[in-house]
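Here the structure is a predicted model, which is why all the values come from computation and not from measurement.
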Amino acid sequence: MARNFELLFESLGHFGRLGRRYILWITSTGQFIFGIAVAFTFNYNSFVIVRFLLAMVSSGYLVVVFVYVTEYTGIKARTWASMHIHSFFAVGIMVVALVGYLARTWWVYQICLSVATLPFVLCCWMLPETLLWLLTEGRYEEAQKIINVMARWNKVSTPCKIAELCPMQDDLVNSRMGDHDSSPMKKHNILDLFHNWHIARRTITVWLIWFTGSLGYYVFSLSSVNFGGSEFLNLFLIGAVELPAYAIACLGMEKIGRRNTLIPFLITSAVICGIVMLIPQDFNTLSISANMAGKFAIGIAFGLIYLYTAELYPTVVRSLAVGSGSMMCRAGSVVAPFCVYLSSVWIFFPQLIVGIMAFLSGVLTLMLPETLGKPLTNTWAEAAELDDQVTNKSHSEKTIPAQNDSTLEKMEMLNQGARGTD
């Protein structure tokens with residue numbers, strides 16, 4: 001329930017308005033403070049309240065970290081950088097299992113995990129705001145300072161100017177840089193994700209994938225933990241199986257694209273659910289293997305959708321899109337335990353539900369555009385052009401100037417130090 005409420009907070013788009021840096025600092029600090037506070041609660045009510053707050057900041061933290069890394073990474077490294085985040089999430093699961101095994105006292109366990117966030121809390125204030133967000137908000141002077149720092153670190157003797165990086169007119173950029181009292185940019189809300197029919201269809205499909213990925217992820221995870229044996233070892237293996245899954249996801253996303261990787265693994269997870277239903281209950285080892293294979297397949301889809309969502313939406317609503325997707329993800333995690341309880345009605349009810357949802361999501365993904373090798377979009381027109389490429393329709397009124405693609409590519413090349421040196 002706390003996780004579901006947390007996503008409502010994200011869906012309001014607060015960190016899209018304040019910027020990535022400040023919410024990164026707020027959520028990481030909140031993780032440390034509330035994580036330590038949980039260890040010193042002495043009754044059930046206070047424990048539930050503090051854990052509620054901890055769930056809010058922890059899940060919000062993951063979303064803003066992902067958006068921050070995505071906007072600071074160039075096209076060539078974006079896939080691997082995004083999957084590294086998920087890999088460390090999997091390593092975190094393994095660490096949780098190890099700490100739980102070593103520290104059997106709950107409050108010691110809680111403090112040990114919370115102290116791990118302290119180094120970042122002390123250093124995160126040094127991180128700059130993302131360049132794309134500053135450009136979207138019209139804060140060109142600050143953006144120029146960051147460009148100069150990036151050029152200095154990458155040993156570029158002639159740094160780019162803002163007018164070279166964004167598709168706006170020089171006089172507008174110059175006037176904005178000298179105008180500190182310019183009117184605030186338009187504030188966005190969740191209704192902007194239904195900007196038009198094409199964007200609305202994209203949003204509904206993406207939300208369904210988030211929900212299905214989370215539902216399958218936790219159904220397979222809960223089923224694996226309940227197979228018997230050491231629960232700490234089972235949890236450790238659940239985290240470990242995700243590492244090769246993310247490696248396979250990276251290779252697929254780089255070679256055949258995001259959509260073409262997402263579709264087969266969603267369908268594969270649906271097929272595995274059907275196989276699990278056909279395995280006799282006496283074949284325990286075979287059931288565990290099939291369940292872990294399902295976790296492997298749905299883990300690839302679940303990890304991929306973060307980056308895919310960030311690439312499908314423009315900068316003005318990117319954090320909002322990922323946050324709202326995370327809301328659907330938390331809804332899936334809330335539904336998952338109740339889905340597992342349905343096994344008391346029919347032993348394979350959870351696999352049936354996950355299989356149907358995964359197959360439906362895989363079919364609907366066919367309507368989404370491919371984003372491999374394309375710069376992050378900044379405007380709704382650019383995001384709409386992704387659909388134009390899928391349907392092969394020509395919308396002259398939405399055509400983006402050729403300059404825009406080249407300027408965004410320059411920005412991402414600068415991000416990864418691809419500019420030549422003297």
Side-chain angles (χ1 to χ4, degrees), residues 1-20 23-24 26-27 55-71 82 85-86 89 130 132-133 136 185-218 258 262 301-336 357 360-361 364-365 367-369 371 376-380 382-384 386-387:
M1 195 68 175
R3 288 175 178 268
N4 211 10
F5 181 85
E6 165 269 320
L7 269 168
L8 180 58
F9 171 84
E10 290 173 6
S11 69
L12 296 177
H14 286 353
F15 73 74
R17 300 173 185 174
L18 296 178
R20 284 60 162 139
I23 302 302
L24 194 62
I26 291 172
T27 52
M56 287 177 61
V57 296
S58 296
S59 297
Y61 175 76
L62 176 61
V63 173
V64 73
V65 164
F66 187 86
V67 173
Y68 186 91
V69 171
T70 301
E71 293 186 350
S82 66
I85 297 176
H86 296 297
F89 184 87
T130 68
L132 285 174
W133 185 83
T136 303
M185 304 296 286
K186 177 183 180 296
K187 293 184 177 181
H188 297 273
N189 55 54
I190 200 168
L191 295 180
D192 289 305
L193 299 180
F194 299 86
H195 183 73
N196 55 42
W197 162 243
H198 293 290
I199 299 297
R201 185 180 62 185
R202 183 184 304 180
T203 298
I204 293 172
T205 302
V206 167
W207 281 2
L208 181 62
I209 297 171
W210 277 88
F211 179 85
T212 302
S214 178
L215 179 66
Y217 183 95
Y218 287 105
R258 283 76 161 116
L262 181 60
F302 193 27
L304 186 157
I305 192 58
Y306 277 81
L307 176 60
Y308 196 25
T309 302
E311 293 178 338
L312 285 172
Y313 292 88
T315 302
V316 291
V317 294
R318 182 169 297 118
S319 60
L320 182 63
V322 178
S324 64
S326 184
M327 177 179 66
M328 299 306 297
C329 163
R330 306 309 165 191
S333 65
V334 169
V335 172
M357 296 295 295
L360 178 61
S361 300
L364 292 177
T365 303
M367 297 187 298
L368 295 179
T371 58
L376 292 177
T377 58
N378 257 1
T379 65
W380 283 115
E382 295 173 32
L386 294 175
D387 276 321

Derivation of the side-chain contact (heavy atoms from CB on, under 4.5 Å) call for Y308 and I209
CA-CA 11 Å; Y308 196 25; I209 297 171; 5.6 Å; no

Contacts of [X] that satisfy side-chain contact (heavy atoms from CB on, under 4.5 Å) - sequence neighbours left out:
X: A310; value: F66, T70, R318, V322
X: I26; value: I23
X: I204; value: F194

Quick one: closest heavy-atom pair of [X] and [Y], and the distance?
X: I305; Y: L262; answer: CD1-CD2, 4.5 Å
X: C329; Y: W210; answer: CB-CE3, 3.6 Å
X: R202; Y: L312; answer: NH1-O, 2.5 Å
X: E382; Y: L376; answer: OE1-O, 4.2 Å

Going by heavy atoms in the side chains, are [X] and [Y] under 4.5 Å from each other?
X: Y306; Y: I85; value: no
X: F302; Y: H86; value: no
X: M328; Y: L208; value: no

Judged by atom type as modelled, is there a donor-acceptor pair below 3.5 Å linking the side chain of [X] to the main-chain atoms of [Y]?
X: T203; Y: L193; answer: yes
X: T377; Y: T315; answer: no
X: T365; Y: S361; answer: yes

Calculate, to the nearest 0.5 Å, the distance between atoms OG1 and CG belonging to T205 and L360 respectively.
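Interatomic distance, T205 OG1 to L360 CG, rounded to 0.5 Å: 9.0 Å.
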
Roughly how far, to the nearest 0.5 Å, is CE of M367 from CZ of R201?
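Interatomic distance, R201 CZ to M367 CE, rounded to 0.5 Å: 5.5 Å.
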
Please test V335 against F211 for side-chain contact (heavy atoms from CB on, under 4.5 Å), starting from the C-alpha separation and ending with a verdict.
CA-CA 9 Å; V335 172; F211 179 85; 4.2 Å; yes

Candidate pair S214 and Y218, rule side-chain contact (heavy atoms from CB on, under 4.5 Å), full reasoning:
CA-CA 6 Å; S214 178; Y218 287 105; 3.5 Å; yes

